[in-house]
Amino acid sequence: MSSDIDKLAEKTANLSIDPVYDTNWCDMPAEIKLECIGKMKFKERMSSDIEHLTDTTEKLAIDPVYDTNWCDMPDDIKLECIRKLEFKERCSLRCTAKAEKSLVDSQKIEFFRGDVYKTNAFQFYESEIVSLTKMNGKEFSIKLENPQEALKFLNHILKIGVFEHFIISPENATVRQGLINYPGIISSKTIKFNFCGTEIVVAVLQKMKHGVEFISMYCSEEFDHDFDKILEILQIQNVPYWFCNYYHKTDSLHKVARMWIDTQAKVGFTFQVSVYKKGSFEEFSEHFTDRIVSKNEKRVRIRTNNPDCHILLERGTVRYYGYIEFFRLLVISVKMKESEYDDNCKEWIMDMDPTIRCDSYDFL
Amino acid sequence: MSSTEQGTSSAAPAEPTTAPESAAAPEVPESFYYVHGKDKVVHKVSAGALQHSALIHGMISNLGYTEEQAKANPFPFENIDGDILQMVVDWCNQHKGKPTPPEDTNLPKQKEKLFDLVLAVNYLEIKELLTYCCKQVAMMVKGKSPEEIREIWMIPTDAEDEAAEKEAKKRAGKEAAGETAAAAGDAK
């Protein structure tokens, strides 16, 4: 201890600083000092070691570290600042230097909505558009003439973005391929596929972070989905609410019900489909003849392997609305009485297809 | 507001002030602590104001100083410039016992001061003030292009960084060679 005090006295004399206080740094045991040094940032560590700092500044003959700027900030502070930057500024910052790029890319950013689509097909030059809406409603759109650039940007936003809603309607082959090959995880509470092929739907869904709350997919004759492939995806098996619009085959209902039976889906799970072809209801009934609990022209209720759950299929019809049929499939509690059924199909049909938000249609 | 005194030796004991309490509540004398920065100017700050700093609060809790001991042993923050510490002390006093507002417009706008303040606040672990400061730092580059950001925050380009790194390596090599030569000379 006395040798420490001697050293301390020598140091203070040499450095011409104020005398020693009763209790101070030098009285601290080594482990406490180490604990304190561990809490110090680079600059403070430099400052704490006065001799070292003096030596260094003398040798280098440069200004000491006090001309403070962004580059003097420790990474955790930089990250705190980056979290407060808007998306546009983050994009600018990541272009300044490699180190800043890597910091920006390490930070997630929340978006209310992300939308990948193509400009109006009637425009002479078609471009891929990536539109992002922040949680505060601010919008940011970027028109990407070059598909490679579009792909690069898309990869970036998929990597850093945490979305409430993500909508994919890619028409460009490069962008489509890029989405299929994207190596990371996509984080979004809901996802909507507009006229995408099964390949892209399957690939994207497999990359979705678990916990997706809602999935919707729009089909067309060109892009009719292969339900066998889609139903194998875990994210589809676990999503509590999903729908498929404008399907052209009659196999979706019984296949989804079979998947739910096999995976023991929970009460409340819902699947809705609009089909351009007649026969889905009948096909469902035929597949589950031995499980039917009750049946009429509007509903079929079947048993599952779980004694607590039934599956209810409901048909919703819109008079004078072409050939399309609407169906809702639900996992319900066995205790649910027929009197508790929801007879108003208008609401769930309109959720699926906002284009029929019109009083001139009769919902049966 | 804190009383500010030049040098530790001239620090005079201050009259304890009392926080306004309801008539029924007994008045508890407020304790004061002393801090100084690089300029050795001692700032007298109430324990209530210092509660904003997790670092100082932890030190106070562990030390259990009496008023006299606290006065005799100002907390030394040699790594913080005097004017920056003054700003921190002022902020702590202004926000003593108050909920912190969502915005703080009194922070310095000059970038050098702001960055120094950020470092000090980070060191002193004043979470709310750090949040304000970081927001202020972010505001500096609002709507700016990469070039403008590089200029405002003085971010070197990758090429400049590489050149600086090379230079540092070169210098370190020379120093090492010099030290070896000196050691060899001493051995002789």
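Throughout, protein chains are lettered first and strands after them, A, B, ... in sequence-line order, and every chain is numbered starting at 1.
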Trainee: Using non-hydrogen atoms only, which part of B:Ile152 is less than 4.5 Å away from chain A: side chain, backbone, both, or neither?
Mentor: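 For B:Ile152, the backbone is the part near chain A, not the side chain.
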
Trainee: Decide if atom CD of A:Glu110 counts as having more than 12 heavy atoms of other residues, nucleotides or ligands within a radius under 6.0 Å.
Mentor: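 Open: at most 12 neighbouring heavy atoms sit under 6.0 Å from CD of A:Glu110.
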
Trainee: Is the shortest heavy-atom distance from the side chain of A:Leu93 to the side chain of B:Ile155 under 4.5 Å?
Mentor: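 Sidechains of B:Ile155 and A:Leu93: in contact.
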
Trainee: Would the distance check show the side chain of A:Glu86 and the main-chain N or O of B:Lys142 forming a donor-acceptor pair, the cut-off being under 3.5 Å?
Mentor: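 No, because the side chain of A:Glu86 does not come within donor-acceptor range (under 3.5 Å) of the backbone of B:Lys142.
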
Trainee: Take atom NZ in A:Lys84; do more than 12 heavy atoms of anything else shown fall under 6.0 Å from it?
Mentor: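 It does: A:Lys84 NZ has more than 12 such atoms within range.
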
Trainee: Distance check, rounded to the nearest 0.5 Å: B:Met139 atom CE versus A:Leu85 atom CG?
Mentor: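 Rounded to the nearest 0.5 Å, the CE-CG separation comes out at 10.5 Å.
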
Trainee: More than 12 foreign heavy atoms under 6.0 Å from NZ of A:Lys189: is that the case here?
Mentor: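 Not buried by this count: 12 neighbours or fewer within 6.0 Å.
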
Trainee: Using heavy-atom distances under 4.5 Å, tell me whether A:Lys88 contacts chain B through its side chain, its backbone, both, or neither.
Mentor: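 Neither part, no heavy atoms under 4.5 Å.
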
Trainee: Between the side chain of A:Thr68 and the main-chain N/O of B:Asp116, is any donor-acceptor distance below 3.5 Å?
Mentor: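 No, because the side chain of A:Thr68 does not come within donor-acceptor range (under 3.5 Å) of the backbone of B:Asp116.
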
Trainee: A quick test of your reading: do over 12 heavy atoms of other residues, nucleotides or ligands sit less than 6.0 Å from CE of B:Met59?
Mentor: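 It does: B:Met59 CE has more than 12 such atoms within range.
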
Trainee: Mind checking the CZ-CD1 spacing from A:Arg90 to B:Ile149? Nearest 0.5 Å is all I need.
Mentor: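 Spacing of CZ (A:Arg90) from CD1 (B:Ile149) equals 12.0 Å.
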
Trainee: Are the side chain of B:Asp158 and the backbone N or O of A:Lys98 linked by a donor-acceptor pair below 3.5 Å?
Mentor: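 Checked: pair present.
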
Trainee: Measure the shortest side-chain to side-chain distance between B:Val141 and A:Ser92 over non-hydrogen atoms and say whether it is less than 4.5 angstrom.
Mentor: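 Not touching, per the 4.5 Å side-chain cut-off.
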
Trainee: Chain A heavy atoms under 4.5 Å from B:Glu162: which part of the residue, side chain, backbone, both or neither?
Mentor: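 For B:Glu162, the contact with chain A is made by the side chain alone.
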
Trainee: Side chain to side chain contact (heavy atoms under 4.5 Å, CB included) for B:Leu130 and A:Ile77? Distances and angles first, verdict last.
Mentor: CA-CA 9 Å; B:Leu130 185 63; A:Ile77 296 291; 3.6 Å; yes

Trainee: Against B:Val118, only a single residue in A:Glu80, A:Met73, A:Lys78 fulfils side chain to side chain contact (heavy atoms under 4.5 Å, CB included); can you say which?
Mentor: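 For B:Val118, the side chain to side chain contact (heavy atoms under 4.5 Å, CB included) test succeeds with only one of A:Glu80, A:Met73, A:Lys78, which is A:Met73.
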
Trainee: Taking atom CD of B:Glu147 and atom SG of A:Cys95, what is their separation to the nearest 0.5 Å?
Mentor: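 Reported to 0.5 Å precision, the distance equals 10.0 Å.
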
Trainee: How close do A:Asn69 and B:Trp153 get, heavy atom to heavy atom, and via which atoms?
Mentor: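 Shortest heavy-atom contact: OD1-O, 3.0 Å.
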
Trainee: Would you say B:Met154 and A:Trp70 make side-chain contact, with heavy atoms under 4.5 Å?
Mentor: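 Side-chain contact under 4.5 Å: no.
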
Trainee: Does B:Gln69 CD have over 12 foreign heavy atoms under 6.0 Å away?
Mentor: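 It does: B:Gln69 CD has more than 12 such atoms within range.
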
Trainee: To the nearest 0.5 Å, what is the distance between CZ (B:Phe115) and SG (A:Cys81)?
Mentor: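 Rounded to the nearest 0.5 Å, the CZ-SG separation comes out at 7.0 Å.
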
Trainee: Side chains of B:Cys134 and A:Ile82, heavy atoms from C-beta outward: is any pair under 4.5 Å?
Mentor: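 Not in contact.
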
Trainee: Verify the neighbour count for atom NZ of A:Lys108: are there more than 12 heavy atoms of other residues, nucleotides or ligands below 6.0 Å?
Mentor: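 Enclosed: over 12 neighbouring heavy atoms sit under 6.0 Å from NZ of A:Lys108.
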
